[in-house]
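Worksheet for the structure shown next.
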Protein chains: 2
Amino acid sequence: MPKEQENSLQSQAYQYIRQKIATCEYAPNQMLSESQLRDELGISRTPVREAVSRLVQEGLLTVFPKRGIVVSGISIGDVHKIFEVRSLLEPYTLRTYHNNISLEEMKEFSDSFHNHALPCEDTCLQDFYQLDDAFHALIMRSLENDYLQELSARIQTQNFRLRILSGKTIDSRIRDTMIEHAQIADACLNGEWEQAATAMEIHLIHSRNSALSMLLKQSSIAGIL
Amino acid sequence: MPKEQENSLQSQAYQYIRQKIATCEYAPNQMLSESQLRDELGISRTPVREAVSRLVQEGLLTVFPKRGIVVSGISIGDVHKIFEVRSLLEPYTLRTYHNNISLEEMKEFSDSFHNHALPCEDTCLQDFYQLDDAFHALIMRSLENDYLQELSARIQTQNFRLRILSGKTIDSRIRDTMIEHAQIADACLNGEWEQAATAMEIHLIHSRNSALSMLLKQSSIAGIL
DNA sequence: ATAGAACATTATGTATACAAGTTGTACATA
DNA sequence: TATGTACAACTTGTATACATAATGTTCTAT
């Protein structure tokens, strides 16, 4: 029987670089080079190049021949694209694949959204982000179509980067997110899937607007983006 | 100013192999090897490996370490996945991006659908396929979102392969396709975009069912798929 | 001081050498 | 004959050497 191993150096390099990009440790528009990555990972150029090639295809890197490698930026237009895809996929998933969603897990999320206190400081803020991601991931995990699943994974990475670039979320948006998530989760628990999908659509519009305004404020401070 | 060249050996190899897969000259489940591709292309392993890596990511190839490379198959489940994505993207594109669609070109397609005679033999059948592809491509080209555009491109390749594997389309389905295309095109020309989108949804269901039955018949003849 | 050419540096693109695992075959052995 | 073992012939994974192009620097000439 065939087995596809994924502990190769190429795969390790891919995971490593991808993580650095996702967390913006490799910042948008930052220049990289194969030799730098090679030294950092302690391996040869070949697996590094293969990892870079994969990330280029995912849109996270761009290679300029003989010039270098640059981490893809996230612009206002990208925010629209990211949320357009989310708005297409996430309500669709609720409407079409809700039978695959674990109601037990959904119940736990519902409780968290109802009971969660306002985040205090950095640690709590990270908890909030993680809760947010896990909630949407729970829903998207029910998607059975590989093509859409893969697209969703790409978007989740971009969304992760976007949040880091946007800066600290304001408390009011956190509170609203909790409320909107609770509405979605409760609709799911009641089997009101169409209602859940509609609530998701509204939630994503609000999230997008919040991200846009935060990114605009951030970029006006930083000068350019 | 940065320029991304795409005339590299790696890119040529990618185009070449991808074409061979799309036309099923490299048949589904066929085994390949780097050395074979290297000889066939007359280049070294490195650009071949990079091309293969890209195609693995696109789902057209699978590499089994130390064992070889296999061309991805298309199963009944894949047909459902392909048409699920099409059913999600194409009506959405009509509803959302119709302002980007060239009505002049749409008019030409409409005329073709109304006037096109039934295909006679192989050459005419190829014309029909090309017309079909071009029509859907015209619509999908209006999509502005890179993520969705790329997904659509992947799906178009799979659809191309699927048609080859399915065997010769029966005349009645060709006639129906012409009619359904004409309805979509005319609705577009009348600015009835919601109607066009609905007609597209129906058309895709019919196309999927036709593809499924043809593939079933084909696979029952061929034994396995 | 400034402009331009030669050059050193560094980048990726490509080719090749070597490492390591898988598979099938031939052969020895019971 | 059947079976297991050693080995030869593949495969891809990884490292490295070389080719080529872009860039910044330095030195020279005006």
Side-chain angles (χ1 to χ4, degrees), chain A residues 1-21 25-73, chain B residues 1-21 25-73:
Chain A
M1 276 301 156
K3 50 180 177 179
E4 307 178 46
Q5 68 180 9
E6 279 308 326
N7 52 349
S8 58
L9 292 182
Q10 174 260 117
S11 189
Q12 293 176 232
Y14 167 78
Q15 301 285 352
Y16 177 88
I17 301 170
R18 186 175 184 283
Q19 181 70 12
K20 293 279 189 184
I21 296 171
E25 195 163 343
Y26 293 160
N29 304 313
Q30 178 180 338
M31 290 289 292
L32 301 173
S33 75
E34 291 176 1
S35 51
Q36 169 196 339
L37 297 170
R38 176 177 61 80
D39 294 343
E40 204 167 321
L41 286 152
I43 59 180
S44 77
R45 275 186 65 199
T46 304
V48 168
R49 277 180 64 83
E50 290 176 347
V52 168
S53 172
R54 284 178 66 177
L55 292 161
V56 166
Q57 263 195 95
E58 291 183 20
L60 293 177
L61 293 177
T62 303
V63 172
F64 295 102
K66 318 281 186 184
R67 298 198 40 175
I69 303 164
V70 60
V71 180
S72 300
Chain B
M1 275 303 157
K3 50 179 176 180
E4 308 178 46
Q5 68 181 8
E6 278 310 325
N7 52 349
S8 58
L9 292 182
Q10 173 259 120
S11 188
Q12 292 174 235
Y14 167 77
Q15 302 285 349
Y16 177 87
I17 301 169
R18 188 176 184 282
Q19 182 70 12
K20 294 281 188 183
I21 297 172
E25 196 163 343
Y26 292 161
N29 303 314
Q30 179 180 338
M31 290 289 291
L32 301 174
S33 75
E34 292 176 2
S35 51
Q36 170 195 337
L37 297 170
R38 175 177 61 79
D39 294 343
E40 205 168 321
L41 285 153
I43 59 180
S44 76
R45 275 185 65 198
T46 305
V48 168
R49 278 181 62 84
E50 290 176 347
V52 168
S53 173
R54 283 177 66 177
L55 292 161
V56 166
Q57 265 194 93
E58 291 182 20
L60 293 176
L61 293 176
T62 303
V63 172
F64 295 102
K66 319 281 187 182
R67 298 200 38 177
I69 304 165
V70 60
V71 180
S72 300

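Just so we're on the same page: letters track the sequence lines, and every chain starts at 1.
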Nearest-0.5 Å distance, CD of residue A:Gln36 to CG of residue A:Leu41
10.0 Å
Mind checking the CE-CZ spacing from B:Met31 to B:Arg67? Nearest 0.5 Å is all I need.
7.0 Å
Going by heavy atoms closer than 4.0 Å, what residues in residues 30-44 of chain B are next to DNA chain C?
B:Ile43, B:Ser44
Set out, in order, the CA-CA distance, both residues' side-chain angles and the distance that settles side-chain contact (heavy atoms from CB on, under 4.5 Å) for B:Val71 and B:Asn29, then state yes or no.
CA-CA 5 Å; B:Val71 180; B:Asn29 303 314; over 6 Å; no
Roughly how far, to the nearest 0.5 Å, is the CD atom of B:Glu40 from the OG atom of B:Ser33?
10.0 Å
side-chain contact (heavy atoms from CB on, under 4.5 Å) for A:Leu37 and A:Tyr26? Distances and angles first, verdict last.
CA-CA 11 Å; A:Leu37 297 170; A:Tyr26 293 160; 3.5 Å; yes
Distance in angstrom units between A:Gln10 CD and D:dT12 C1', rounded:
12 Å
Return the CD to OG1 distance between B:Gln10 and B:Thr46, rounded to the nearest 0.5 Å.
11.0 Å
Rounded to the nearest Å, what distance is computed from the CG atom of residue A:Asn7 to the C1' atom of nucleotide D:dT12?
14 Å
Check: B:Glu50 and A:Arg49 side chains under 4.5 Å, non-hydrogen atoms:
yes
Between C:dT22 atom P and B:Ile69 atom CD1, what is the distance in whole Å?
17 Å
Side chain to side chain, B:Arg54 and B:Arg18, heavy atoms closer than 4.5 Å
no
For B:Ser53 versus A:Ser53, what's the shortest heavy-atom pair and its separation?
OG-OG, 4.5 Å
Rounded to whole Å, the CZ-C1' distance (B:Arg67 to C:dG24) equals 12 Å
Any residue in residues 46-61 of chain A with a heavy atom nearer than 4.0 angstrom to DNA chain D? Just list them by number, or reply none.
A:Thr46, A:Pro47
Sub-3.5 Å pairs of nitrogen or oxygen atoms, protein against nucleotides 19-21 of chain D:
{"unit_1": "D:dT20", "atom_1": "O2", "unit_2": "A:Lys66", "atom_2": "NZ", "d": "2.8"}

CG of A:Leu32 to CD1 of A:Ile17: how many Å apart, nearest 0.5 Å?
8.0 Å
